[in-house]
Structures are given as structure tokens and as C-alpha cells.
Protein chains: 2
Amino acid sequence: MTFKRTNPLALAVLALLTERPMHPYEMAQTMRERHQEEVVKLNYGSLYTVVESLHRHELITAAAVQKAGNRPERTVYAITGTGTAELHSWLRALIAEPAREYRRFEAGISMVGLLPPAEALDVVQRRSAAVGEQLTALAVLLEKLAGMGLPQLAWIELDYRLAMLRAEREWLAWFATATREGTVGGYPGWEDRHR
Amino acid sequence: MTFKRTNPLALAVLALLTERPMHPYEMAQTMRERHQEEVVKLNYGSLYTVVESLHRHELITAAAVQKAGNRPERTVYAITGTGTAELHSWLRALIAEPAREYRRFEAGISMVGLLPPAEALDVVQRRSAAVGEQLTALAVLLEKLAGMGLPQLAWIELDYRLAMLRAEREWLAWFATATREGTVGGYPGWEDRHR
DNA sequence: ACCCTTATACTCGGCACCGGATATACGGGA
DNA sequence: TCCCGTATATCCGGTGCCGAGTATAAGGGT
């Protein structure tokens, strides 16, 4: 049975192990410290499942089992050659091939016609405000990271997110105006349906 | 136990049932016809699970059980008052509150430094090309829909997607140039690590 | 010396989800 | 008339994921 690239947490684990061998809990700590959990969903339950799966597929090996005092055993894992190959191949695929992602907002906005125009305008504006806040928070964070001397490459995904958030805000602004002014295509019918 | 808003497929089911009562298979057909499955992930297995869950929570009721010849029984469901309320409330939440979504590309690009710059450039350009194709395909589709006389509100989510794809393409173009010219912050170290 | 909080490190049961299997009806070509 | 592919309609077994639970150790205040 070949390894299934489902949970990106497995990717993060492989990436961490390229630096040095670690035990699962340490991986989690490191991910926290580096704010990686903002990009890859971290969940203790899943972490151990994922590590076990990587181990079964021999992408990582149990390098050592430490035991300090009466504490639970800590299994330290290291990445294998196959593991490194898998990491790189997976990474290339993730970047090169855009994959259909079912985003919550797309689902929501596709059914916005079910709400009366006034309510729709309200919720869109609320989102717009929230996105605005995220944007300023992100700008502050980027400022801080740059100030700490971290290279841009270390937080490139935030740069990407910034661009996406800006685009979203602009679209939301357009939609809000078009709804307020009734210029969105199909507006008359929309209003009629809600009386 | 209160209903959990996990699977957006449940949202689509509620939305469909505002039009008329349907049995599960008919819901699936209708979603196909309207290209809703591009926005909400449709899966027969999940559909029946989701419908059952909605039924348990009394957001829909079994309006009738039809039986034609020797065919399997078809249970026709209708939306309830609570169901309609839930639909609207869920919809408002989806639109108004941006939710952290763990996007595959963000995970990938955050680790792009693990690939040698030349490979990184290659995969980013490949994605850029793919996004370009999606953009033209989408433009054609929008043209067609508008030509069919469908109001913009009926395909508003595609409009949103268009805006996001454009922004992504621009960002990818920037990153590709910055990588090619070595102007992305941290480039020297990146190159050094891969020799 | 004692207690309480926080950190360490993992375990486990439940459940949503998915893909493929199942079973019948129907239409059309040879 | 017989077969076979497609449409109709649902079911079900396996699995990955999640959140909450568990248990010990370390630290620090009084």
C-alpha cells in the first residue's frame, strides 16, 4: 500500500525531521514556536496517527527510545532516504498543481441570493471589516518579522496571504457597492423574491 | 445534541429543499446540473450520511416514501421551519466570519526553501501556467453564462473566484521574477544551502 | 514541606467521511 | 428476444481524524 498524501501535517513532520531527529511532542513544540500551526493544522491526536503512518510506510524510522525516570517513553524519529524523496516530490506537487479546494466562503456566497439584499449587504460588510482587521494584523506581524532580521523566504506564505486578503477585500468592497446600489446583475428579481 | 455545521453539503441540501421536496438522489442530480458540485463537494456516501443527520436534528422531515415497481424505496425529504432558520443563520455565519482555512498551497509555499531555487522556480512557473489556464476557462464559462441570460447573482461565486485567481497569478509572477533575479529576501542563503 | 499550576508526553473511543459495492429498471442494437 | 451498458437509488465497511482524557514531572510561591 502506497503512502497517501492526505494530511499536510505529515508534510510538516517530514520537513521538521530534515533538520534533526525528534520525538512527536517536540515536533509539536517546534511547530508552535515557528507559528507553523497557522499554515498546517496541528492536532495532537492527528500527530501521533500521522507519525505512525509515516513509520509504517518507512518514510521515517524510530531512531531511539528514550526513557527518563518514570516518564512515558519517548520515541525519537528520523527521516529516511525514501522519506526525503517523498517530501520533495510532495512539495513539488503541492506547489505546481493547483488543487480544487472547497472554500467555505465560496459555498456561502454562492447562496447569498437566499438572504434578503439588506441582510446580504450587512454580512458582506461585516466580513469586509474582519478581513480589514486581519490585514492590519498581518502587516504588523510582517513588520515585526522583518525587524527581527528574518529573511523574507522564511515567511513567504504570509506574503502570499497578504496578497490574497487584499484581493478579497477589494472584491467584497465591489460587491457591497453593487448590492447597495442595486447594480449587481439580477438585483430586481432578488429584491422581489424577498417581500 | 445540537447540529454541527461541519459538512457544507448539508448546507446545499437545505438550500435545495427550499425549492421543493426531493429525495437524495434527485438532490445530487440537481447539484450536478447546476454545477453546484464545483462549489460544494458532492459525494454519494456523504450525501446519505448528511441527510440522515439533518433528519435526526429535525431540520428536514421525511415527507413521503415512494415505491415504484420493484425499485428501492425513495424517501422524499422536505425542509422544516427550524431547518430554514438554520440555513439562514449558517449562511450568514459563513459569509460574515472569515474562517482559518488551511490551504494546500500555503503549506507548500511555506516550505519552498527546502527545494533548490531552480526547482522552486520551475514549479512556481508550472503553477502559474495552470492558473492561467483556469482563468481563461473561467472567462469562457462566464461569457457563456452571461450569454444564456443567467443573472450575475446566479454565478457570483465564479466572479469571486476570478478575482482570487487573478491575484494569485500576479503574486506567482512576482515570486517567479524575484526568484529568477535572486531578489527575494534571503536568496543568498537559499542558494548556498543547495550545493 | 506542601500545594497548585504548567509543561511534558501520549492514548483512546467515537464518528464523520469516503469509495466502492449492490441491486433493480430501462433502452436499444444485433 | 436476448444481452449489455447506463441510469436509478442506496448501503456499508474501513479508516483517518479529532478532542478530550490521563498521568507524571518540574517549577515556584508561601
Side-chain angles (χ1 to χ4, degrees), chain A residues 1-13 16 21-33 37 40-57 59-60 62-77 99-102 104 107, chain B residues 1-13 16 21-33 37 40-57 59-60 62-77 99-102 104 107:
Chain A
M1 193 55 154
T2 170
F3 177 74
K4 274 188 185 174
R5 293 168 178 177
T6 49
N7 198 338
L9 185 55
L11 184 79
V13 167
L16 283 172
M22 293 189 194
H23 55 95
Y25 191 78
E26 194 182 356
M27 299 173 198
Q29 298 309 306
T30 318
M31 285 185 68
R32 289 254 149 93
E33 277 168 30
E37 43 161 0
V40 173
K41 178 140 184 186
L42 171 58
N43 184 304
Y44 280 75
S46 312
L47 180 60
Y48 287 86
T49 319
V50 151
V51 164
E52 196 200 321
S53 160
L54 287 170
H55 190 210
R56 262 206 323 277
H57 291 89
L59 303 175
I60 62 178
V65 176
Q66 299 178 351
K67 174 128 183 157
N70 232 345
R71 306 257 290 271
E73 292 180 346
R74 300 183 311 177
T75 311
V76 177
Y77 294 92
R100 191 70 268 283
E101 307 212 52
Y102 298 86
R104 313 246 277 289
Chain B
M1 191 58 151
T2 169
F3 176 73
K4 274 188 184 173
R5 292 169 179 178
T6 49
N7 199 338
L9 186 54
L11 184 78
V13 167
L16 283 172
M22 293 190 195
H23 56 95
Y25 191 78
E26 193 182 355
M27 299 174 199
Q29 298 310 307
T30 317
M31 286 185 67
R32 289 256 149 92
E33 277 169 29
E37 44 161 0
V40 173
K41 180 140 179 186
L42 171 57
N43 184 307
Y44 281 76
S46 312
L47 180 60
Y48 287 87
T49 320
V50 150
V51 164
E52 195 200 322
S53 160
L54 287 171
H55 190 210
R56 263 206 323 276
H57 290 89
L59 303 175
I60 61 178
V65 176
Q66 300 177 349
K67 178 131 179 151
N70 233 344
R71 307 256 290 271
E73 291 180 347
R74 301 181 311 177
T75 311
V76 176
Y77 294 92
R100 191 69 268 283
E101 307 213 52
Y102 298 87
R104 313 245 276 289

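Reminder, nothing fancy here: chain letters follow the sequence lines and each chain counts from 1.
When the P atom of D:dG14 is taken as reference, atom NZ of A:Lys4 falls 14 Å away, rounded to whole Å. Between the P atom of C:dA16 and the CG atom of B:Leu47 lies a distance of 15 Å, rounded to the nearest Å. Following rounding to the nearest Å, A:Arg5 (CZ) and D:dT15 (P) show an atom-to-atom distance of 21 Å. In this structure, the OH atom of B:Tyr44 is 9 Å from the C1' atom of D:dA9, given to the nearest Å. To the nearest angstrom, C1' of C:dA7 lies 14 Å from CD of A:Glu26. Rounded to an integer number of Å, the gap from A:Arg74 CZ to C:dT8 P is 10 Å. Across the protein-nucleic acid pair, B:His57 atom NE2 and C:dC15 atom P stand 11 Å apart, rounded to whole Å. Atom-to-atom, CD of B:Glu52 to C1' of D:dA9 comes out at 16 Å; the value is rounded to the nearest Å.
Within the 4.0 angstrom heavy-atom criterion, no nucleotide atom of any strand lies near B:Ser53. Among the protein residues, A:Gln29 comes within range of the sugar-phosphate backbone only, with heavy atoms under 4.0 Å from sugar or phosphate atoms but none that close to a base.
Along DNA chain D, the nucleotide nearest to B:Tyr25 and the one nearest to B:Thr49 differ in position, and the one closer to the 5' end is contacted by B:Tyr25.
Aromatic ring pairs are classed by plane angle as parallel below 30°, tilted from 30° to 60° and perpendicular above 60°; the pair A:Tyr25 and A:Tyr44 is tilted.
Checking each of A:Val40, A:Leu54, A:Asn7, A:Leu59 against A:Val13 for a side chain to side chain contact (heavy atoms under 4.5 Å, CB included) leaves exactly one that passes, namely A:Leu54.
Using a 4.0 Å cut-off, some side-chain N or O of B:Asn7 falls inside it from OP1 or OP2 of C:dC17. In this structure, A:Ser46 does not reach the D:dG16 phosphate: none of its side-chain N or O atoms is under 4.0 Å from OP1 or OP2. Dashed line: the shortest gap from a side-chain N or O of A:Tyr48 to OP1 or OP2 of C:dC10 is under 4.0 Å. For D:dT8, neither phosphate oxygen OP1 nor OP2 lies less than 4.0 angstrom from any side-chain nitrogen or oxygen of B:His23.
Of all non-hydrogen atoms in A:Leu9 and A:Lys41, the two that sit nearest each other are CD1-O, 3.9 Å. Counting all heavy atoms, side chain and backbone alike, B:Tyr102 lies closest to A:Glu37 at CE2-O, 3.5 Å.
Among the nucleotides D:dT10, C:dC18, C:dA16, the one closest to the side chain of B:Thr6 is C:dA16.
Note that B:Arg5 lies outside the cation-pi zone of B:Phe3, set by a 6.0 Å cut-off to the ring centre and a 45° limit from the axis.
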